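Written out below as structure tokens is the structure these notes cover.
Just so you know, these numbers come straight off a predicted model, no measurement behind them. Quick note on labels: first sequence line is chain A, next is B, and so on, each numbered from 1.
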Amino acid sequence: MGPTPSRVSCTMLDLKKLRDDPEAARRGLAAKGAEALLDEVLALDAQRRALLTATEALQNERNRVSKEVGRLKAAKQDATALMERVRAINSELQEQATALQPSEAACEAALLRLPNLPDPSVPVGADAAGNQVVRAWGDRPAFDFTPLPHWELGARLGLFDFERGARLAGAGFPLLRGPGARLSRALIQFMLDLHTREHGYEEVAPPFLCNTAAMTGTGQLPKMAEDMYRVTDSDLWLIPTAEVPVTNIYREEIIRAPLPVRLTAYSPCFRREAGAAGKDTRGLNRVHQFDKVEMVKFTTPESSADELDRLVRDAEDVLQRLELPYRILELCTGDLSFAAAKCYDLELWAPGQDRWLEVSSCSNFLDFQARRARIRYKNEAGQTAFVHTLNGSGVALPRLIVAVLECGQQADGSVRLPTALRPYLGGLERLEPAS
RNA sequence: GGAGAGGUGGCUGAGUGGUUGAAAGCAGCGGUUUGCUAAACCGUCGUACGGGUCAAACCUGUACCGGGGGUUCGAAUCCCCCCCUCUCCGCCA
């Protein structure tokens, strides 16, 4: 079984817009540090169009002469001269094609590496230091003892077995046991119930591996290949987030369902975390496999800004109901991910480590992913147009568990569980140390 | 994994190597009729990428009938490879 060739649209940013107003694109790309690529794209595009025009002129002639051949033959007349002419055109076309094909491929490859432009409302900044706290919720718990990090708590409570997990797949593949495994499952179920029953999402259970076309559609490929796990003898990658399969549900489709379509999915996520070696090696802060509940939306361009606000509130609701203090950052231009035009991060307070931990990233991609994946709808004028896509974690499990443990810890070594979660744990109120 | 059947526009569904980008029907859109709804009738109705126009409307070219390649002056139509769906068999959670 060979790899499926990906059929990806040549557009990610609108090429015509890039041509018509390169300066606007240049400003946006500069904010994301991808300015140089723009000139490369524009040059490749100019070359490509010149070749395309020449090729199409030849094709036009070939088509006209061929039709004439048919006409002559139908009239029982000699057409040898015209057939010779077409043969000549074809050999010329062969030469054209050897120039055009690499040109188109190069143009598309460069385009696929161009990141999305930041929304004009996004604060300008070079890196994470430029992110802005937009609001915070909840009081950070006060302790009359020194709060422990979750890996200490987990050891005392018998929740994790990192050593044996490493035996199975290496460091960063956590093994949860007993109450730890159950806590994880309870949180997943709690979040899915919340989003489906109260926030208006449809639950989906997607594949956990996706092909190259899907990975390209949402923007993981080509840029993030080294951050993903790949299956060796088929065209499949382990998903780094449910965003990939869920967003690609409508790839190459004109969505007929009324917008917005709001979907939520549980999935494991697999990330190589290339370049993060040695960072956050203890506990659950940064792992190669983790569980997450994801929210994905397909909307009209008119409503995507509002839907982003709702998305953030839906993620916040998870944290509020679990009584966990958090803050919300708006990412600045320099910290936006490849595909995002605007993004809010939700960070939970981890008192045992005295730091904030990101548990959710809520992004509006505008039509960036829709272009790449060709996800469209019919607008009110009846025209086919690209949807806007959004997604956000609702939320990621490991760091959620970290906060539940570190915020809920008591002087006696037990951990108080949030009230809203207890029904999912058979009424359990506390995790007690194994004695 | 083996055998068979099939993949055509939003859907259903015709299709001959040569003015077919593709019959017909449904849906959609615009309109007429109508007290409203329904119905009827008329018209319109694929996508992408180029060129023309400051731009839009519009005009025009090319490509696209699962994907790729081949035969041919000319391919949805013939040939090869691949993918997918369905049915049956085998294997297995």
Side-chain angles (χ1 to χ4, degrees), chain A residues 1-24 41-42 44-94 96-101 103-108 110-112 205 207-214 216-217 233-236 248-259 261 298 367 370-387:
Chain A
M1 184 169 72
T4 308
S6 63
R7 288 280 296 172
V8 178
S9 158
C10 194
T11 47
M12 57 171 293
L13 291 173
D14 188 341
L15 237 183
K16 282 180 200 149
K17 275 190 188 150
L18 293 184
R19 279 204 294 270
D20 291 347
D21 192 0
E23 290 320 306
V41 167
L42 292 174
L44 287 167
D45 175 54
Q47 182 199 29
R48 174 194 139 256
R49 278 182 300 147
L51 290 166
L52 184 63
T53 304
T55 298
E56 289 187 347
L58 279 174
Q59 288 173 324
N60 182 21
E61 191 180 352
R62 181 197 59 193
N63 291 348
R64 277 187 299 127
V65 178
S66 285
K67 278 185 183 170
E68 189 57 30
V69 170
R71 220 168 289 146
L72 287 178
K73 288 206 166 183
K76 305 278 187 204
Q77 294 178 10
D78 177 52
T80 355
L82 292 183
M83 284 160 68
E84 266 315 307
R85 172 73 192 129
V86 175
R87 251 190 283 267
I89 292 171
N90 276 336
S91 70
E92 226 178 314
L93 270 172
Q94 277 295 332
Q96 288 283 347
T98 60
L100 179 61
Q101 280 162 11
S103 176
E104 289 191 320
C107 187
E108 169 161 343
L111 254 180
L112 284 172
F208 300 151
L209 292 87
C210 281
N211 57 29
T212 295
T216 307
D233 51 10
S234 60
D235 178 35
L236 290 172
N248 279 285
I249 287 174
Y250 290 110
R251 181 158 55 88
E252 314 267 325
E253 263 195 60
I254 297 170
I255 299 179
R256 297 283 154 174
L259 299 178
V261 171
F298 305 84
D367 64 1
R371 276 178 191 284
R372 292 170 76 104
R374 302 183 50 71
I375 304 169
R376 293 164 300 164
Y377 77 112
K378 291 278 189 188
N379 65 20
E380 285 186 359
Q383 299 160 321
T384 306
F386 291 111
V387 299

### Task
Between G51(B) and G6(B), how far apart are the C1' atoms? Round to whole Å, please.
40 Å
### Task
Check step by step if side chain to side chain contact (heavy atoms under 4.5 Å, CB included) holds for Glu253(A) and Ile375(A).
CA-CA 5 Å; Glu253(A) 263 195 60; Ile375(A) 304 169; 5.8 Å; no
### Task
Return no unless some side-chain N or O of Asn90(A) is found under 4.0 Å from OP1 or OP2 of G74(B).
yes
### Task
Please state how far atom CZ in Arg85(A) lies from atom P in U72(B), giving the value in whole angstrom units.
19 Å
### Query
If you pin Val86(A) and Glu61(A) to their nearest nucleotides in RNA chain B, which one's is more 5'?
Glu61(A)
### Query
Which residue, Arg87(A) or Glu56(A), contacts RNA chain B at a nucleotide closer to its 5' end, judged by nearest heavy atom?
Glu56(A)
### Task
Remember a base hit wins even if backbone is also touched, and classify Leu52(A) as base, sugar-phosphate or nothing at under 4.0 Å, heavy atoms.
sugar-phosphate
### Query
Between atom CD in Glu108(A) and atom P in A48(B), what is the gap in whole Å?
16 Å
### Query
Has the side chain of Ser66(A) got a donor or acceptor atom that lies under 3.5 Å from a matching backbone atom of Asn63(A)?
no
### Task
Report the distance from atom NZ of Lys67(A) to atom P of U20(B), rounded to the nearest whole Å.
8 Å
### Message
With rounding to the closest Å, how many angstrom separate the P atoms on G74(B) and G2(B)?
### Response
36 Å
### Query
Taking all atoms of both residues into account, what is the closest heavy-atom pair of Arg374(A) and Phe386(A), and its distance?
CA-CE2, 4.2 Å
### Atom C1', compared across U87(B) and G70(B): separation rounded to whole Å
32 Å
### Message
Taking 4.0 Å as the cut-off, does a side-chain nitrogen or oxygen of Arg49(A) come that near to OP1 or OP2 on G51(B)?
### Response
yes
### Query
According to a strict under-4.0 Å criterion, is Asn63(A) in side-chain N/O contact with OP1 or OP2 of U19(B)?
no
#### Entry: Salt bridge flag under 4.0 Å for residues Asp45(A) and Arg49(A)
yes
### Query
Taking the same atom, P, in G61(B) and in A22(B), what whole-Å distance lies between them?
13 Å
### Whole angstrom value for the distance that separates C1' of A27(B) from CZ of Arg256(A)
9 Å
### Message
In this structure, how many angstroms lie between the C1' atom of G51(B) and the CZ atom of Arg19(A), rounded?
### Response
11 Å
### Query
Would you say U47(B) has OP1 or OP2 under 4.0 Å from some side-chain N or O of Thr384(A)?
yes
### Message
Please check this pair: side chain of Thr55(A) against backbone of Leu51(A), looking for a donor-acceptor N/O pair closer than 3.5 Å.
### Response
yes
### Message
What's the gap between G15(B) and G7(B) when it is taken at their C1' atoms, as a whole Å value?
### Response
15 Å
### Query
How would you label the contact of Arg64(A) with the nucleic acid (heavy atoms, under 4.0 Å): base, sugar-phosphate, or nothing?
nothing
### Query
Which whole number of Å gives the distance between the C1' atom of A57(B) and that of U62(B)?
22 Å
### Message
Looking at G74(B), I'd like to know if its phosphate oxygens (OP1 or OP2) sit under 4.0 Å from a side-chain N or O belonging to Arg71(A).
### Response
no
### Task
Look at Asn60(A) and U62(B) and indicate whether a side-chain polar atom (N or O) is within less than 4.0 Å of OP1 or OP2.
yes
### Query
Given the C1' atoms of C26(B) and U33(B), what is the spacing between them in whole Å?
23 Å
### Message
Any salt bridge linking Glu84(A) with Arg87(A)? Criterion: basic side-chain nitrogen under 4.0 Å from a carboxylate oxygen.
### Response
yes
### Query
G46(B) P sits how many Å from Arg374(A) CZ, rounded?
16 Å
### Query
When you look for runs of 3 or more Watson-Crick or G-U pairs in a row, both distances below 3.5 Å, which of them include RNA chain B?
B:1-7 with B:83-89, B:10-12 with B:24-26, B:28-32 with B:40-44, B:46-52 with B:58-64, B:66-70 with B:78-82
### Message
In this structure, how many angstroms lie between the P atom of G68(B) and the CD atom of Gln101(A), rounded?
### Response
11 Å
### Task
Verify, without hydrogens or angle tests, whether Asn248(A) (side chain) and Ala214(A) (backbone) share a donor-acceptor contact under 3.5 angstrom.
yes
### Message
Closer than 3.5 angstrom, by distance alone: can the side chain of Arg372(A) be matched with the main-chain N or O of Thr216(A) as a donor-acceptor pair?
### Response
yes
### Query
Under 4.0 Å between a side-chain N or O of Arg62(A) and OP1 or OP2 of A63(B)?
yes
### Query
Nearest-Å distance, NZ (Lys73(A)) to C1' (C73(B))?
7 Å
### Message
Base, sugar-phosphate or nothing for Thr55(A)? Non-hydrogen atoms, less than 4.0 Å.
### Response
nothing
### Query
Looking only at atom C1', what distance separates G28(B) and C86(B), rounded to whole Å?
30 Å
### Query
Does a side-chain heavy-atom distance below 4.5 Å link Leu259(A) with Phe298(A)?
yes
